[in-house]
Each structure stands twice: as structure tokens, then as C-alpha cells.
Amino acid sequence: MNMRIFKLFIVVLVIFQVSGCATHTNQDPLESFNRAIYKFNDVADDAIIKPISKGYKNIAPTFIVKGVNNFFNNIRDVVTVINELLQGKIEYAANDTGRILVNSTIGLLGFVDVHSMNGGERRKEDFGQTLGYWGVGQGAYLVLPFVGPSTTRDAVGFVTDTLAFDPISYINNVRGRNQVRLLQFIDARTELLNASAIMDEASLDPYAFQRDAYLQYREALVNDKPSGDIDYTDTANSDYNFEEYTEGSTNKSTTENCTNKLTTENCKAQKVSQVK
């Protein structure tokens, strides 16, 4: 445990050294590096990750896909509660602790999201948001291998959440822990199949589109925008329907949302909302 904390401390120091590179006028000073990682992620996703995720979604029964997603969201709720406590949001922490207890017992370890079925709201908080809540700037935009868009602040948050707060990290069996992580990664990618396809159609420069959308979205989360402005809904909701992913459905969605666009920015704003 002490070695894990030591490694986390070193990573935090290294990442924050990079954060000084960003300015208010240029939040992407590492653009050349980021574009290279973005391209790597895109190739890896098209060649390996996306086919596996689509195969999993097509082969596994819908209730299994949904149940696995609920299970990992229930684990993720633990990270949320810890960060709510760190931000002093006691009422939210108490509510989400109740969510975890209900879903972990009545909901069979979280495979059934009983709390949402009864009208409960799921919030998502992470250590990146906690740092932002206490005034830490987002730093330079950063694209992480396999993970995707981030900032130096959110990268620190991601490492902290993963190594210190996520219950999966405390599975003693290394092989078992890696298998759970792999399934978690596939589940997360499956959840984003339609969203990523929409993003690919949204701009002549998907990298810039993803960057701008991510920075705006994270800033809104840190500022606790109302649920009407930020969509906290995820695939664990009881009425979520895992619709079959097809290229046709993507093109239709893109066309419908921009048929009567007045300006490019209006169209872009609609797509940002869909992707996130």
C-alpha cells in the first residue's frame, strides 16, 4: 500500500510539471504530441477495440450487457462518494452511499440498478473535478493512450481515482484484477459506440472537435451545472435501450440534428450534447 501511494505521488508530481505549459490563449500547447496519440488511439480502436466491443454487444444478451454496465457503474459510484466527501458535498455523498447499499444488496451486487428504477439520480464525481472544485486549473489539454481526452489536472485525477479510490485496484489477485479491468474497458467502449460514430461525422477535424467538446464539458462539470444542462444519464438507467449500432442509424442521427441548422456553431453545439 505504501509503495502504491509513493508511485501515485511521483506520477502526480510529473504530470503537474507539464501543466505549466498551458495558457488561457492556448490550452493545447502539446498539440503535435496529442495528435500523434489521438491517431494511435484511433487506429487501435478501429483495428481492435471497436470490433471487440461490437462483437460483445452483438453476441451477449441485452440483459447481460446492461447488467455488466450496471455493475461497473455501481463500483464507479464508490469513487463518486469519496470525491463528494472531499468536496464537502455531504448530502450528495449520503444519497449516493444509499444508492450503493441498495444496488449492492437488493440489486444483486449492482447488476440491477434498483435506485434508478425508483427515480434516484446518479451523479458522477472524480478527483479531477475535486481538484477543480478547490481551484486547481485544468492545465494543458492531454490525450492519453487508450484513455482518450484529458487535461493535466484530469490525468492526475484519473490516476488517483484508479489507484487509490477504485475498489477494483484492491483485488489482490493480479490476474483476476486485470481480467476485471479488461471487461470494464470493453463495457466502457461498448457504451460509447454510437457517440463515437456521431463524433466522427461531426467535423472535418474530429481531434479539434473532441478537444473543444471535452474542455467545455469538464468545465461545466466542475462548476456543477444543473442536470438540465449536463446529462448525467448513462446506460444504467432502467429505461435505457441498447439499440443496435449501424452506420445508417449514425447518418440518420447526424442528419436529423443538423437539417435546419442556422450556423455551423449551432450544429456543433447539438452534436456536443449528443456525444457527451
Looking only at non-hydrogen atoms, find the nearest pair between [X] and [Y] and report the distance.
{"X": "R177", "Y": "I171", "answer": "NH1-O, 2.5 Å"}
{"X": "Q87", "Y": "T130", "answer": "NE2-OG1, 3.0 Å"}
{"X": "P51", "Y": "I48", "answer": "CD-O, 3.3 Å"}
{"X": "L85", "Y": "A93", "answer": "CD2-CB, 3.6 Å"}

Does the [X] side chain pair with the main chain of [Y], one donor and one acceptor, at a distance under 3.5 Å?
{"X": "S104", "Y": "L101", "value": "no"}
{"X": "N58", "Y": "K54", "value": "yes"}
{"X": "D154", "Y": "S150", "value": "no"}
{"X": "R211", "Y": "D28", "value": "no"}
{"X": "D161", "Y": "V79", "value": "no"}

In sequence, state the C-alpha distance, the side-chain angles, and the governing distance for E219 and L215, and then conclude on side chain to side chain contact (heavy atoms under 4.5 Å, CB included).
CA-CA 6 Å; E219 189 66 21; L215 293 175; over 6 Å; no
Begin with the C-alpha distance, continue with both residues' side-chain angles, and end with the deciding distance and a verdict on side chain to side chain contact (heavy atoms under 4.5 Å, CB included) for F111 and N74.
CA-CA 8 Å; F111 283 93; N74 190 53; over 6 Å; no
Residues that R99 engages under side-chain contact (heavy atoms from CB on, under 4.5 Å), provided they are two or more places apart
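If we apply the side-chain contact (heavy atoms from CB on, under 4.5 Å) test to R99, skipping adjacent residues, the hits are D77, D96, N103, D113, H115, S116, R122.
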With sequence neighbours left out, what residues match L108 under side-chain contact (heavy atoms from CB on, under 4.5 Å)?
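Result, side-chain contact (heavy atoms from CB on, under 4.5 Å) vs L108: none returned.
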Verify same cluster id: [X], [Y] (apolar side-chain graph, 4.5 Å):
{"X": "L221", "Y": "W134", "value": "no"}
{"X": "I90", "Y": "I100", "value": "yes"}
{"X": "Y38", "Y": "V43", "value": "no"}
{"X": "V136", "Y": "V222", "value": "no"}

With D166, which of I82, I75, T160, V78 fulfils side-chain contact (heavy atoms from CB on, under 4.5 Å)?
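Result for side-chain contact (heavy atoms from CB on, under 4.5 Å) with D166: I75.
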What distance do [X] atom [atom1] and [Y] atom [atom2] have between them, rounded to the nearest 0.5 Å?
{"X": "F165", "Y": "Y170", "atom1": "CZ", "atom2": "OH", "answer": "8.0 Å"}
{"X": "I49", "Y": "D42", "atom1": "CD1", "atom2": "CG", "answer": "10.0 Å"}
{"X": "F127", "Y": "L86", "atom1": "CZ", "atom2": "CG", "answer": "6.5 Å"}
{"X": "T80", "Y": "R76", "atom1": "OG1", "atom2": "CZ", "answer": "4.5 Å"}
{"X": "T190", "Y": "K66", "atom1": "OG1", "atom2": "NZ", "answer": "15.5 Å"}
{"X": "Y141", "Y": "R218", "atom1": "OH", "atom2": "CZ", "answer": "12.0 Å"}

Working for side chain to side chain contact (heavy atoms under 4.5 Å, CB included), residues R189 and D45
CA-CA 9 Å; R189 185 61 186 89; D45 188 63; 2.6 Å; yes
Flag side-chain contact, heavy atom, 4.5 Å: [X] against [Y]:
{"X": "L144", "Y": "I37", "value": "no"}
{"X": "I186", "Y": "L182", "value": "yes"}
{"X": "Y207", "Y": "E31", "value": "yes"}
{"X": "V65", "Y": "Y56", "value": "yes"}
{"X": "Q179", "Y": "L183", "value": "no"}
{"X": "Y133", "Y": "K89", "value": "yes"}

Quick one: do N95 and E121 satisfy side chain to side chain contact (heavy atoms under 4.5 Å, CB included)? Show the steps, please.
CA-CA 9 Å; N95 177 74; E121 178 187 13; 5.7 Å; no
Looking only at side-chain N and O atoms, does D224 offer a donor or acceptor that is under 3.5 Å from a partner on Y92?
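There is no such pair between these side chains.
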I'd like to know whether D187 forms a side chain to side chain donor-acceptor pair (under 3.5 Å) with N69, so could you lay out the CA-CA distance, the side-chain angles of the two residues, the decisive distance to 0.1 Å, and finally the verdict.
CA-CA 6 Å; D187 168 72; N69 184 254; 3.2 Å; yes
Check the angle between the aromatic planes of F40 and F146 and answer parallel, tilted or perpendicular using the 30° and 60° thresholds.
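Correct class here is perpendicular.
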